[in-house]
Enquirer: 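Provided herewith is a single structure, encoded as structure tokens, for subsequent inquiry.
Predicted, not measured: the structure shown is a model, and the values here were computed from it. Side chains are part of it too, since the values below use all heavy atoms of this structure and drop only hydrogens, waters and symmetry mates.
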Amino acid sequence: MTTKVISAPKSPLDLEEKLILLVQQRPSLYDKKDPAYKNRNTRAVMWEEIGKLLGKTEFDCQQLWTKLRSQFSGFLRKLRNPSGKEDKPRPFFRHEGAMRFIRDIVDPDER
């Protein structure tokens with residue numbers, strides 16, 4: 001596995017973007033079809049690596065990823081089921097482009 005060199009995050013938004021990039025490079029952290037997804041030890045090692053790269057604990061990284069994934073799921077739900085007026089602006093999610101890689105994996109109805 002090749003991991004890009006990551007500089008220390010400068011802001012919370014920068015931290016989120018770097019976390020998304022690092023998770024994207026490790027499909028077994030988000031793709032239930034990946035054979036290593038079921039191996040908790042493998043995933044724990046990956047979270048530990050990510051934590052070291054970002055200067056955070058693995059727990060903090062997992063918690064932030066869970067929050068981002070949940071927000072992305074809500075964003076997809078709003079896109080699929082817009083409510084109210086039809087002239088309402090399109091929903092916005094700050095990391096829509098970066099998280100596109102899990103679009104087919106995330107179930108918008110899962111909460």
Enquirer: Check whether Leu19 and Leu13 end up in the same hydrophobic cluster, where Ile, Leu, Val, Met, Phe, Trp and Tyr are linked by side-chain heavy atoms less than 4.5 Å apart.
Expert: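 Each belongs to a different hydrophobic cluster.
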
Enquirer: Asp31: which residues meet the side chain to side chain donor-acceptor pair (under 3.5 Å) condition with it, sequence neighbours left out?
Expert: none

Enquirer: When rounded to the nearest 0.5 angstrom, what distance separates CD in Glu49 from CD in Gln25?
Expert: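 Taking CD in Glu49 and CD in Gln25, the distance rounds to 10.5 Å.
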
Enquirer: Excluding sequence neighbours, so at least two apart, what forms salt bridge (charged side-chain N to carboxylate O under 4.0 Å, His left out) with Glu16?
Expert: Lys67, Arg94

Enquirer: Among the clusters formed by ILVMFWY side chains lying less than 4.5 Å apart, do Phe93 and Ile102 turn up in the same one?
Expert: yes

Enquirer: How far apart are the closest heavy atoms of Ala98 and Ile20, and which atoms are they?
Expert: O-CG2, 3.6 Å

Enquirer: Which residues pass the side-chain contact (heavy atoms from CB on, under 4.5 Å) test with Arg100, sequence neighbours left out?
Expert: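 Once residues adjacent in sequence are excluded, the partners of Arg100 under the side-chain contact (heavy atoms from CB on, under 4.5 Å) criterion are Glu96.
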
Enquirer: Any chance you could measure Arg69, atom CZ, to Leu29, atom CG, to the nearest 0.5 Å?
Expert: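 Result: 10.5 Å between the selected atoms.
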
Enquirer: Can you tell if the side chain of Lys32 reaches within under 4.5 Å of the side chain of Ile105, non-hydrogen atoms only?
Expert: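 No, side chains not in contact.
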
Enquirer: Under the rule for side-chain contact (heavy atoms from CB on, under 4.5 Å), what residues qualify as partners of Ser28, not counting sequence neighbours?
Expert: Asp34, Ala36, Met46

Enquirer: With no hydrogens and no angle check, is any side-chain donor or acceptor of Thr66 less than 3.5 Å from a backbone partner on Gln62?
Expert: yes

Enquirer: How would you list, by chain and number, every residue that makes a side-chain contact (heavy atoms from CB on, under 4.5 Å) with Gln63, sequence neighbours excluded?
Expert: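 Phe59, Asp60.
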
Enquirer: Partners of Phe101 by ring pair (Phe, Tyr, Trp, His ring centres under 6.0 Å), sequence neighbours excluded?
Expert: Tyr30

Enquirer: side-chain contact (heavy atoms from CB on, under 4.5 Å) with Lys52: which residues, sequence neighbours excluded?
Expert: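 side-chain contact (heavy atoms from CB on, under 4.5 Å) list for Lys52, sorted by chain: Glu48.
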
Enquirer: Ile50 and Val45: same hydrophobic cluster, using ILVMFWY side-chain contacts below 4.5 Å?
Expert: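 The answer is no; the residues belong to distinct hydrophobic clusters.
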
Enquirer: Taking side chain as C-beta onward, heavy atoms only, is Lys56 less than 4.5 Å from Leu15?
Expert: yes

Enquirer: Are the side chain of Arg43 and the backbone of Asn39 linked by a donor-acceptor contact shorter than 3.5 Å?
Expert: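 No; judged by distance alone, with no hydrogens or angles, the pair does not exist.
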
Enquirer: Which pair of non-hydrogen atoms, one from Met99 and one from Leu68, has the smallest distance, and what is that distance?
Expert: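 Scanning both residues completely, I find the closest heavy atoms to be CE-O, 3.8 Å.
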
Enquirer: Is the closest side-chain heavy-atom distance between Thr42 and Trp47 below 4.5 Å?
Expert: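 SC-SC contact between Thr42 and Trp47 ruled out.
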
